[in-house]
Structures are given as C-alpha cells and as structure tokens.
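Read the numbers this way: they start at 1 and go in the same order the structure lists the ligands and their atoms. Note that the numbering runs from 1 along the sequence shown for the chain. Quick note: numbers below take in every heavy atom, side chains included, and nothing from hydrogens, waters or symmetry partners.
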Amino acid sequence: MSDITSALEELTIDQKAALGSGSDFWTTTAAGRVPSILMTDGPHGLRKQEGATDHLALSGSLPATCFPPAVALSQTWDPALVHRVGEALGRECQAAGVHVLLGPGVNIKRDPRNGRNFEYFSEDPLVSGTLGAAWVSGIQSMGVGASLKHFAANNQETDRMRVSADIDPRPLREIYLRAFQKVVEEAQPWTVMCSYNRVNGVHASQNRWLLTEVLREQWGFEGVVVSDWGAVADRVAAVEAGLDLQMPGNDGFDDAKVIAAVHEGSLDPAVVTLAADRVARIAHRAEAARRPDTAWDAADHHDLAREVASRAIVLLRDDQKILPLDPAQRLAVIGEFAARPRYQGGGSSHVNAIRVDVALDEIRDRAPHTEVAYAAGFSSDQRADPAALSAEAVRAAADADVAVVFLGLFDGQESEGADRADIELPADQLALLDAVVAVQPRTVVVLSHGGVVRLAPVVAGPAAILDGALLGQAGGSALADVLFGIVNPSGRLTETVPERLQDVPSFTNFPGERMHVRYGEGILVGYRWYDARAIDVTFPFGHGLSYTSFAYDSLKAEAHGDTVDVRVTVRNTGERAGREIVQLYASRDGSAVARAPRWLVGFGAVDLAPGESGEVGITVPRREFEYWDEELQRWLVEGGEYRIAAGASSRDIRLSDTVELQGETARYRLGPDSSIGEILRDPIAGPAFQEVFAAMFEQFSGAEETDYGPMLDSLPFGRFVSTTGSALPAGMVDDVLARANAANGFEENRT
Ligand code: GLC
C-alpha cells in the first residue's frame with residue numbers, strides 16, 4: 001500500500017473533508033501525515049503575502065521579480081524563453097517556501113475589452129497552449145507546481161462570478177478548451193484552477209462534464225482541481241463534480257456540509273476520499289520537491305526579465321525609418337509613462353517589483369552626450385494643467401531632432417475585476433500626439449497597455465510605433481535597448497489590433513446580460529473573424545517588423561503519417577542581424593464543416609546575419625487539422641488537400657504549398673432523417689439506392705440526367721420513402737440502412 005494511501009487510511013471522514021478546503025487564504029489543511037502546502041499568485045511574478053491577505057493585491061507582498069505579463073511574454077513567440085521564466089519563478093518560489101504558483105492564465109482573448117487580457121497570452125489557442133505548456137514545464141522542473149487557470153471560458157471580468165459563458169460545442173472545444181487541453185496533455189500541471197463563471201449554465205466549480213469527463217477522463221489530468229478564490233457556490237455539488245480543493249478555506253463551514261451529506265447518505269464517502277487522496281498526493285509531492293536552500297540572484301532574474309521584455313517589444317511601423325535612434329540626436333521624451341512606467345496589470349497578479357527600470361533614465365544613459373528633454377505632456381493627476389503640460393511637450397518636441405512619445409493606459413483603466421467600455425487611448429493623449437507630430441514629424445510612439453488599444457488615430461500620422469504592451473520591471477531598459485538598436489525588435493502581435501471596436505467578433509455579444517453571454521461568433525475568434533469577414537485591421541495577428549528585412553525563398557510541406565513536416569528557407573535581406581518568426585497557417589477548401597479561412601498550425605524562429613539564409617523546420621502534428629464533431633463526440637481529421645502557408649503575419653502570407661492528408665469523412669447513423677445526399681454519399685447505402693432514386697426521379701420529372709440538386713440532396717430520406725415507398729422493394733430500406741450503419745460502426749438500433 002502506498003504511503004499516501006496508508007496516510008489516508010488513518011484519517012476520519014471529517015479530516016478527509018478538511019483536506020478539501022484551505023486552512024487559511026493561501027494554505028491547504030494538514031491532516032494526520034498529510035502536510036499542508038502554500039499556494040499563491042503569479043503568474044508573472046511571486047506575490048507572497050505575510051500578514052494581511054487578499055486576492056486582489058490590495059495588501060502588500062514580498063519583493064519579487066516582476067517578469068513581463070503574458071501579454072508581452074506571448075509576443076516573444078518563444079517557448080524556450082518562456083520555459084526559462086518558469087524556471088526563474090520556480091527558484092523564487094522554492095526560496096520563499098511556496099509550493100504552487102497560481103498560473104499560467106491561458107484564457108482566450110475573445111474581446112479586447114476584457115480587463116484581464118494582460119494576464120493571458122493570445123486570441124489564438126495554439127500560441128496560448130504552446131506558451132502555457134512551456135511556462136508549466138519550466139516552473140515544475142524546479143519542483144514547484146503550477147495552477148492552470150481559469151478553467152474554463154473565463155473571457156471577461158463583468159459579472160465573472162455568475163455569468164454563464166454560453167458556447168456551442170465546436171468553439172468550446174476548438175477555441176476555449178484547446179489551450180487547456182494542450183497544457184494538460186503536454187505538461188501535466190499539478191493543479192488546474194476552475195473559473196468563477198458558469199459554462200453553458202453550470203458553474204465551472206461544480207461542472208462534472210468539465211472537471212471530470214473532459215479534464216480527467218478525456219485529457220488524462222492527474223492532479224488537483226482547485227477553485228478560484230471564492231468560486232465554490234455549492235461545495236457538496238462541487239466535490240461530486242470533481243473539485244478537490246476549495247480555496248480559500250472558510251473555517252470548516254463548507255467541510256461541515258460535506259460531512260453532513262456523507263452522514264445522511266446523499267454524498268458517497270468514496271468521492272470525499274478521492275478528493276482527499278488527490279490533495280494528499282500533491283501535498284506529499286510538493287513537500288518531497290522542496291528545495292529550501294534554493295538561492296536566486298536578483299540581478300540575474302532582472303537580466304532575464306530584460307531579455308524577455310526586449311524580445312516582446314513589437315515594431316508596428318516605421319515608414320520614415322526613424323528607428324533606431326542615433327545617440328547624437330537631440331531627443332524630446334514625452335509622456336508620463338516614460339518617467340513613471342506602467343509595467344504590469346492590476347489585481348491578483350500584481351507584483352511588488354524588486355526594482356523598476358525607468359525608460360527616461362535608460363534613454364539618457366544610452367545617449368550621454370546629447371540633450372534628452374522630458375515633458376510629461378499629460379498626467380493622471382487631475383490637478384495638473386493639461387494645456388500647460390501639452391504646450392511644454394510641444395515646445396520640447398519642436399526643439400528636438402526626434403520626439404519619443406509614451407502613450408498608454410493607466411492602472412485604473414484596465415484591471416482584473418472589470419472590463420473596459422471601449423478600446424480607445426485617452427483623448428488627451430491623442431490630442432497631445434497630434435500637437436507633437438504637427439511640429440515634429442520625426443516622432444516615435446511607445447505604447448504601454450495590457451488590452452488592445454485602437455491605433456487607427458495613431459497611424460493617421462507619420463509616427464513610428466513600438467508596442468511595449470506591459471513589459472515587467474525591466475521594460476524601461478528593454479525599450480531603450482530597442483530604441484537605440486542595441487536590440488533589433490522581433491516581437492510579433494498575438495492579438496489583432498482592430499480598426500474599430502465595432503469590428504470585433506464579440507461586439508454584439510459582450511459582456512452579455514442577465515448572467516448570460518452568448519459566444520455568437522463561434523469558432524471565428526480574433527483573426528479567424530477578420531479574415532472570414534474580409535475586415536481591414538490596423539495591425540494583424542502575428543504582425544511585427546524588424547530593423548532588417550527577410551525574404552522567404554522556399555517552402556516545402558510533406559505529410560508523413562501523423563505529422564506534416566514543413567521547411568521554410570528565410571533570407572536576411574537587410575543590413576542588420578535579426579530574428580524572423582515564421583508562422584504557418586492551414587486552409588481547407590470544401591470542408592464538410594465551417595472553417596476559418598486560415599488558422600495557425602505552427603511557428604518557428606530563425607536568427608540570421610545580414611545576407612544569411614536559414615531553414616526553419618516546423619513539424620505540425622495531425623491534431624492541428626482536426627475539428628470537433630459533437631454528434632460523433634470526437635475529433636476528426638478530414639482526408640484530402642490542405643494548403644500550408646508560411647507568413648510573417650496572418651495577413652502577410654509569403655509562400656504556400658499543399659499537402660494531402662489521410663483522414664475520414666464523418667459518417668452518421670443513417671435513418672429516416674438522413675438526407676438523400678447523405679444516403680447517396682454513403683459507400684454502402686449509396687450504390688444500393690442509386691438506381692432506385694434515379695428511376696423514381698426520372699418517373700417524377702422525366703429528367704434524363706439524374707441531378708438530385710441541393711433541394712433533393714437535403715430531402716429527408718424518410719419523407720422521400722413515405723411519398724414513394726411503394727416503389728422500394730419491401731424490407732430493402734431497413735436492410736440497406738442496417739448494413740450501412742454496421743459498416744460505419746453503429747450498433748444496430750435496439751428500438
Ligand atoms: C483571483 C483570481 C485568480 C487568483 C486567485 C487568488 O480572484 O481570479 O487568478 O489566482 O483569485 O488570488
């Protein structure tokens with residue numbers, strides 16, 4: 001008998017129930033030989049509280065490295081780099097005695113107004129799942145558990161504890177669960193955190209389909225399902241559904257309900273034991289993995305944070321080639337964010353950063369022999385005089401060779417717990433930009449924001465634009481490195497920048513009403529939507545420029561069994577070394593189901609010196625071509641031709657090739673409701689009925705050519721038979737359908 005099993009044998013049902021809830025805000029309960037463990041927030045830095053505790057970072061926390069939040073981390077498109085961040089977080093957790101770090105968040109960026117999008121990776125499930133898995137593998141390699149969150153479909157903050165995300169089966173599986181599935185199957189997080197919201201009407205915390213059937217039985221999750229803090233509405237129902245750990249604990253209040261339910265016979269004690277067993281296993285695993293002597297170097301972690309930040313920055317445009325800056329140029333640095341950086345989001349992920357690099361100081365450090373003027377230009381302080389601030393900035397810009405204008409969203413404008421009403425940059429900032437550009441066309445805009453902001457007003461002028469998203473504590477130095485060309489930017493957008501809020505897929509279904517939000521856009525989230533609707537965007541998913549340029553010289557795609565191997569040759573056609581991130585998109589014409597025009601199936605990077613060519617090899621697993629068939633309750637790859645396109649963004653497709661994939665055609669149980677078309681396309685029923693239909697149709701319409709046409713194609717077979725049944729040999733229908741269904745694996749109808 002395992003030590004854990006024996007440890008559980010020693011516990012009473014009361015003690016087992018107690019294992020299912022926290023002993024305080026951050027700690028699980030110890031019972032018998034089962035230790036308690038400490039879990040706390042992440043994801044982009046350790047938020048360990050001592051003394052007052054809360055889940056919105058209202059009380060302080062110990063100093064820790066503030067890495068770039070997911071919005072920036074994702075723009076590196078680099079799983080290996082994300083893995084290194086996970087390792088560093090693991091070191092800080094080990095040193096602080098934290099067993100589980102609550103992250104990563106892999107919820108899809110369905111609507112740009114979501115106040116918490118800064119904490120998530122992308123609008124695309126492959127980017128989210130790939131980087132989420134790298135984060136989990138990184139931190140768990142250091143003996144610290146992850147908590148994959150928020151499972152599932154927590155795509156808004158409005159009414160987050162009650163709202164039902166009403167999602168059809170295909171988008172739920174192919175978009176909103178997909179990243180979670182990839183992380184669970186590839187990285188086995190120690191814990192999964194259920195979300196606050198309902199999924200199709202049932203609270204995630206007590207959604208058996210989600211927590212047991214999908215997560216455990218279909219994906220093979222082996223760890224603990226922990227609630228989001230305060231997400232349990234009915235603890236007994238939650239335990240029955242597969243929720244193992246309620247956080248935070250409430251002094252046994254809900255434990256008592258579990259115990260009472262067991263005593264009155266309405267809750268099987270084995271269910272309580274199963275949850276306790278899972279918690280005990282993670283507790284023992286975490287304790288065994290403790291490395292209390294782990295030391296970490298704050299300077300090393302800061303350097304890593306800076307490396308990540310510099311790789312996250314996206315060069316959105318630079319039509320006039322203003323960048324990189326020359327240190328001899330006279331500069332006007334404008335905007336409060338240059339002096340008071342906005343480098344992370346608000347809410348439970350907020351880190352007490354060990355240090356924060358200030359862009360203005362870093363710029364001055366890299367241009368020591370020139371004048372670098374500063375003007376706030378605008379202020380979050382309502383007492384400031386906007387006109388005076390603006391006038392000062394305009395004067396500074398007019399006197400300089402180049403103006404660098406920092407724009408963005410203040411802390412209060414986006415945070416966990418609330419959604420934005422729009423995606424606009426503040427009007428005073430846009431007005432300031434116009435005034436600066438009017439006197440200084442050589443202007444560079446640097447953006448600080450978590451959720452997407454509308455950039456159509458910004459691109460109306462000549463300014464170059466760097467997207468700094470939220471870059472963590474080292475963002476200031478990273479921005480200076482990119483501005484002066486010490487680092488050649490290689491970041492790529494992981495969320496589309498729409499022309500207008502009205503263009504976004506969820507515009508008419510956000511944030512819902514009366515506790516329901518309808519995911520009416522289906523699978524067409526993000527670029528899938530804009531491509532399907534041929535809607536212009538300001539900057540597409542995957543977009544990012546470089547201080548050099550790249551040509552794509554060749555692409556070869558070959559299907560080998562369960563994978564498609566793609567090789568793309570890229571050449572650096574510019575004057576500087578740089579990194580290109582090659583994106584692969586698949587397309588399928590004539591699919592049996594609705595498809596996006598193209599969807600991301602893989603990506604890879606290559607670093608090239610000027611003039612150098614290099615090959616990017618990307619292996620695309622077969623699963624990237626599948627779709628979910630709800631009627632058959634499984635994933636399915638259609639056989640036939642797919643186009644594989646290599647692009648520098650979802651809208652900058654450079655080369656493509658086609659591959660032939662072995663696959664299947666969905667076969668459904670045939671019966672009276674099957675259409676004539678389905679009958680005729682079935683390999684057994686089709687030939688059997690072909691002649692009969694042809695003769696009948698001819699008798700009907702006298703047409704020579706048997707053209708069933710769309711009308712007949714969709715005519716229910718039973719209706720056709722009932723109107724012409726006499727013409728069919730007795731018993732033929734039942735016999736042929738029975739043979740066809742058997743051949744397609746359907747057991748004969750027992751009815
Ligand atoms: C918060 C967040 C979750 C966090 C938890 C603990 O409400 O939704 O991401 O880990 O509570 O702070």
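Under a 4.0 Å heavy-atom criterion, E416 is in contact with ligand 1. For R116, the heavy-atom gap to ligand 1 drops under 4.0 angstrom.
Every N/O-N/O distance between D54 and ligand 1 stays at or above 3.5 Å. Considering backbone and side-chain N/O of E119, none are found under 3.5 Å from N/O of ligand 1. For a threshold of 3.5 Å applied to N or O pairs, the pair formed by W26 and ligand 1 contains no separation below that value. The distance criterion of under 3.5 Å between nitrogen or oxygen atoms is not met by W229 with respect to ligand 1.
Side-chain rings of Y519 and W529 stay apart, their centers remaining 6.0 Å or farther from each other.
The backbone N or O of C66 lies less than 3.5 Å from no partner atom in the side chain of H302, so there is not a single donor-acceptor pair.
Here the closest heavy-atom approach between residue V106 and residue S128 is recorded as CG1-O, 3.9 Å.
Checking Y343 against H44 by side-chain atom types alone, no donor-acceptor pair falls below 3.5 Å.
Heavy-atom contacts of R47 reach the following atoms of ligand 1: 12 (O) (cutoff under 4.0 Å). Shown in contact with M193 at under 4.0 Å from a heavy atom are these atoms of ligand 1, numbered in order with element: 10 (O).
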